[in-house]
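Notes to accompany the following structure.
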Amino acid sequence: RLTRSPLLNKSPFRQLLSKPGLSIGKQRPYRTPAKLKFSLPGTLFEFQPEYILGARVSRSFHRVVNVALGEVDAGVLSPQLGRPNILRPEDLARRVAAVTSVRGGEKGPFGLLLPDAAVRVSILEFATLPPDRKELESLVRWKMKTLLPFPVEDARLSFEVASNESEGLEVVVMAVKKSVLAEFEAVVDALNGEVSLVLPSSAALLPLLDENSAEGEMLLNISPTHLTVVVAAGRKIRLWRNQAFNGKASEERLAAVSEEAARTLAASLDYLGLEISRVRLSASPGLPKAWVEELGRALSREVE
C-alpha cells in the first residue's frame, strides 16, 4: 500500500557518513545541520523493517516537500551491526521502485537513512588529539576496535571533534560495516544517480532539538523493534544509546522505554553533570496520548 502526501517541515540533514568515506575534513565543534555548508540531496530514502519512505527535499529552503511511503513485508529487512541486513534484496528493490514510481521518478544524488540498529554511534573522550588528520583517524579507529562486533578495517567511519570545556575533547563517531552499507546502496543502483549522504535515521531528527538550549535535551526514537536515546546539550551530542526490543510485546516495550528514559535522566546528571529539561519523542507507529502523558509525569519533564 502506497500513500502520497505533502509535508512542509524544516528538516535539514547532516553529512556525517558519506560514500567517499570521511565527510568531515577539519576539527570543528558540533554544529546543527542548518549551520553546516552542505548541499542536501534532492531525494532521501529511509529504510525500516516495516516501511520505505521516499522524500523529495527542497535544497534551497531545506524542507521536505513531498513524501511517498511503501510497506515492507516481514523478513525482508533485519537491521544489525555485523551481519547482512537485507535478507530479500529483490523484494526491497521492488519496494524502492514502487515508491519511486508513485513520486514520478527520481534523479540523484540520493541520501539514505539507515535503521539505527545498522549504525554504531559512540562518544569518545580524549585529553588531547593529534593535529594531523591521518593520525587522528588512526587513533579513532584504534579506540573503536573494542566497540564494534566486526574488524574495524571493515568499517566506514565518520567523526567530528567537539571541545568539552571542563574535561577536554569528545569525538562523535558513526560507523557502519562496509558490506552492510553496500547492501543498501545496491537497492537504489537501478535509479539514476549516486548516493551522496548516509545517516542513521535518528540523526535526521536532531533538528528537533534546540541548539541554543543551555540545559540538556533527550530524544527518544521508538519503533516496534528498536529504541534510540540521544542526549544533546546545545550544539553537542553527549550520549547515544540503542536498545533492541527482541520481540517484546507492546506493553513490555513501553515499560522498557520508560525505564531507559529514567535511567538516562539519572546517568546524564550523575556522569555528565547535565540536567535534562525537555524530552522529545518520535514514534512509528504513533503512541497512545495517555502513555505519553504518563511518561511525562514519571519523568517530571515536558514530553513533546
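None of the values given here were measured: they were computed from a predicted structure.
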Check: [X] side chain, [Y] main-chain N or O, donor-acceptor pair, under 3.5 Å:
X	Y	result
Ser213	Asp210	no
Glu183	Asn85	yes
Arg156	Ala175	no
Lys177	Ala155	no
Arg301	Ile276	yes
Asn221	Thr228	no
Glu137	Lys134	no
Arg253	Glu251	no

Shortest non-hydrogen contact between [X] and [Y], atoms and distance:
X	Y	result
Pro130	Leu139	CD-CD2, 3.8 Å
Leu209	Ala232	CD1-CB, 3.7 Å
Pro207	Ala204	CD-O, 3.4 Å
Ala261	Met218	O-CE, 3.5 Å
Pro41	Phe110	CB-C, 3.8 Å
Ser223	Phe245	O-CE1, 3.2 Å

CZ of Arg83: more than 12 outside heavy atoms within 6.0 angstrom?
->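 Not buried by this count: 12 neighbours or fewer within 6.0 Å.
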
Interatomic spacing from [atom1] in [X] to [atom2] in [Y] - rounded to 0.5 Å:
X	Y	atom1	atom2	value
Ser138	Asp132	OG	CG	8.5 Å
Leu254	Leu227	CG	CG	10.5 Å
Asp189	Glu185	CG	CD	7.5 Å
Thr264	Leu219	OG1	CG	11.5 Å
Glu50	Asp73	CD	CG	12.0 Å
Ile52	Leu77	CD1	CG	8.0 Å

Could Arg263 and Glu260 be called an ion pair, given the rule that one side-chain N must be under 4.0 Å from one carboxylate O?
->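 Between Glu260 and Arg263 there is a salt bridge, with a charged N closer than 4.0 Å to a carboxylate O.
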
Would you call Arg141 and Glu153 a salt bridge, taking side-chain N to carboxylate O under 4.0 Å as the test?
->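 So Arg141 does not pair with Glu153 through a salt bridge.
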
Go through Val140 and Met144 one step at a time and tell me if the side chain to side chain contact (heavy atoms under 4.5 Å, CB included) criterion holds.
-> CA-CA 6 Å; Val140 170; Met144 290 294 293; 4.2 Å; yes

Within the structure provided, determine whether [X] and [Y] are in side-chain contact (heavy-atom separation under 4.5 Å).
X	Y	result
Leu239	Arg241	yes
Leu147	Leu124	yes
Pro49	Pro79	yes
Val171	Ile123	no
Arg120	Met174	no
Phe150	Ser179	no
Ile86	Phe47	no
Val121	Val173	no

Does the side chain to side chain contact (heavy atoms under 4.5 Å, CB included) test come out yes or no for Leu265 and Leu299, once each step is laid out?
-> CA-CA 8 Å; Leu265 279 179; Leu299 301 178; 3.6 Å; yes

Let me see the working for Leu220 and Leu295 under side chain to side chain contact (heavy atoms under 4.5 Å, CB included), right down to the final yes or no.
-> CA-CA 12 Å; Leu220 301 173; Leu295 177 65; 4.1 Å; yes

Going by atom types only, do Ser201 and Gln48 share a side-chain donor-acceptor pair under 3.5 Å?
->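 Distance-only check passes for Ser201 and Gln48.
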
Using the salt bridge (Lys or Arg N to Asp or Glu O under 4.0 Å) rule, collect all pairs that involve residues 280-291, keeping only residues at least two apart or in two chains.
->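 Applying salt bridge (Lys or Arg N to Asp or Glu O under 4.0 Å) to every pair that reaches into residues 280-291, excluding sequence neighbours, yields Arg280-Glu304.
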
So which pairs with a foot in residues 213-225 pass salt bridge (Lys or Arg N to Asp or Glu O under 4.0 Å), sequence neighbours left out?
->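 Pairs touching residues 213-225 that pass the test: Glu217-Arg278.
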
Common cluster, Leu269/Tyr271, ILVMFWY with side-chain heavy-atom separation under 4.5 Å =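 No, it is not one cluster - the side chains of Leu269 and Tyr271 are not joined through contacts under 4.5 Å.
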
Using the ring of Phe126 (Phe, Tyr or Trp, six-membered ring only), decide whether Lys143 places NZ or CZ under 6.0 Å from its centre and within 45 degrees of its axis.
->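 Flagged: Lys143 positioned over aromatic ring of Phe126.
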
Show the numbers, then the answer: is there a side chain to side chain contact (heavy atoms under 4.5 Å, CB included) between Val188 and Phe45?
-> CA-CA 9 Å; Val188 298; Phe45 291 100; 4.3 Å; yes

